[in-house]
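To start, the structure under review is shown below, and the notes come after it.
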Amino acid sequence: EVQLVESGGGLVQAGGSLRLSCTLSGDAFDDYNIGWFRQAPGKEREGVSCITSSDGRTYYADSVKGRFTASSDNAKNTVYLQMNSLKPEDTAVYYCAAEQGQISLTWTYEERYDYWGQGTQVTVSS
């Protein structure tokens, strides 16, 4: 069974940085596209970023473009989300999710993803 474990969340001041990690186990890491989602209190979950397994292509929500960077380390079965210039509005629980298939502009569709991590809290203070 595929399992995803996130880590790296925490409390940071506005303007600071955090790096989230998402490690996949239970299947071939190379077969999965990994998406990052977040859910702030009182808001719906939204797509933040996605990195494809086939060619490492990345997608980002407009709200994080230029500040967040997704990358992968296949040797460690891990995807990272480097978050710079953090803002209070980035405060949320961040989830990684995995799916198999051809992904493009539909990367934000939650129903595409078969496996989800437990989430990690990111809090940005002003």
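Predicted model only: the values in this text are computed from it and were never measured.
Judged by distance alone, with hydrogens and angles left aside, the side-chain atoms of Ser49 form a donor-acceptor pair with the main-chain N or O of Tyr59 at under 3.5 Å. Judged by distance alone, the side chain of Arg45 and the main-chain N or O of Gln39 form no donor-acceptor pair under 3.5 Å.
In this structure, Lys65 pairs ionically with Asp62, as a charged nitrogen and a carboxylate oxygen lie closer than 4.0 Å.
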Legend entry - side-chain hydrogen bond (donor to acceptor under 3.5 Å, both in side chains) between Asn77 and Thr23, worked out: CA-CA 6 Å; Asn77 290 0; Thr23 300; over 6 Å; no
Inset, instruction - Step by step, work out the side-chain contact (heavy atoms from CB on, under 4.5 Å) result for Tyr32 and Ser53. - result: CA-CA 6 Å; Tyr32 291 88; Ser53 59; 5.6 Å; no
Legend entry - Test log, rule side-chain contact (heavy atoms from CB on, under 4.5 Å), inputs Arg112 and Thr106: CA-CA 8 Å; Arg112 291 195 60 112; Thr106 58; 2.7 Å; yes
Inset, instruction - Please step through side-chain contact (heavy atoms from CB on, under 4.5 Å) for the pair Met83 and Ser17, ending with a clear verdict. - result: CA-CA 5 Å; Met83 306 186 296; Ser17 298; over 6 Å; no
Inset, instruction - Starting from the C-alpha separation in whole Å, work towards a yes-or-no answer on side-chain contact (heavy atoms from CB on, under 4.5 Å) for Thr91 and Gln121. - result: CA-CA 8 Å; Thr91 295; Gln121 177 70 47; 4.0 Å; yes
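Two residues are said to be in side-chain contact when any heavy atoms from C-beta on lie closer than 4.5 Å; Leu24 and Val2 meet this criterion. Counting heavy atoms from C-beta on, the side chains of Thr69 and Leu81 never come closer than 4.5 Å. When side chains are defined from C-beta on, Cys50 counts as touching Ile103, because their heavy atoms get closer than 4.5 Å. Put simply, the side chain of Lys43 does not reach to within 4.5 Å of the side chain of Arg38, judged on heavy atoms. Using a 4.5 Å cut-off on side-chain heavy atoms (C-beta onward), Trp36 and Phe68 make no contact. Val122 has its side chain within reach of Leu20: a pair of non-hydrogen atoms, C-beta onward, lies under 4.5 Å apart. Using a 4.5 Å heavy-atom cutoff, the side chains of Asn33 and Ile51 are not in contact. Counting heavy atoms from C-beta outward, Leu18 and Leu86 have side chains that approach closer than 4.5 Å.
Within the structure, salt bridge (Lys or Arg N to Asp or Glu O under 4.0 Å) contacts touching residues 11-35 (residues at least two apart or in different chains) do not occur.
Under 3.5 Å, the side chains of Thr78 and Asp73 contain no donor-acceptor pair of N or O atoms.
If you take CD on Glu99 and OH on Tyr115, they are separated by 11.5 Å, rounding to the nearest 0.5 Å. Atom CD in Glu46 sits 5.0 Å away from atom OG in Ser63 (nearest 0.5 Å). In this structure, CD on Gln102 lies 6.5 Å from OG on Ser54, to the nearest 0.5 angstrom. Taking OG of Ser125 as the start and CD of Gln13 as the end, the distance is 5.0 Å to the nearest 0.5 Å.
With respect to Phe37, the ring-ring contact (aromatic ring centres under 6.0 Å, His included) criterion is satisfied by exactly one of Tyr95, Trp116, Tyr94: Trp116.
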Can you give the donor-acceptor pairs under 3.5 Å from side chains of residues 4-11 to other protein atoms, not counting sequence neighbours?
{"from": "Glu6", "atom 1": "OE1", "to": "Gln118", "atom 2": "N", "distance (Å)": "2.9"}
{"from": "Glu6", "atom 1": "OE1", "to": "Gly119", "atom 2": "N", "distance (Å)": "2.7"}
{"from": "Glu6", "atom 1": "OE2", "to": "Cys96", "atom 2": "N", "distance (Å)": "2.7"}
{"from": "Glu6", "atom 1": "OE2", "to": "Gly119", "atom 2": "N", "distance (Å)": "3.4"}

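What you find for Gly47 and Ala61 is that their closest heavy atoms are O-CB, 3.4 Å. Residue Ala92 comes nearest to Ala40 through the heavy atom pair CB-N, 3.8 Å, listed as atom of the first residue, atom of the second, then distance.
Cluster annotation: Val64 is not connected to Tyr80 through the hydrophobic network of ILVMFWY side chains, with a link wherever side-chain heavy atoms come within less than 4.5 Å. Residues Trp107 and Tyr60 do not share a hydrophobic cluster, clusters being chains of Ile/Leu/Val/Met/Phe/Trp/Tyr side chains in contact below 4.5 Å.
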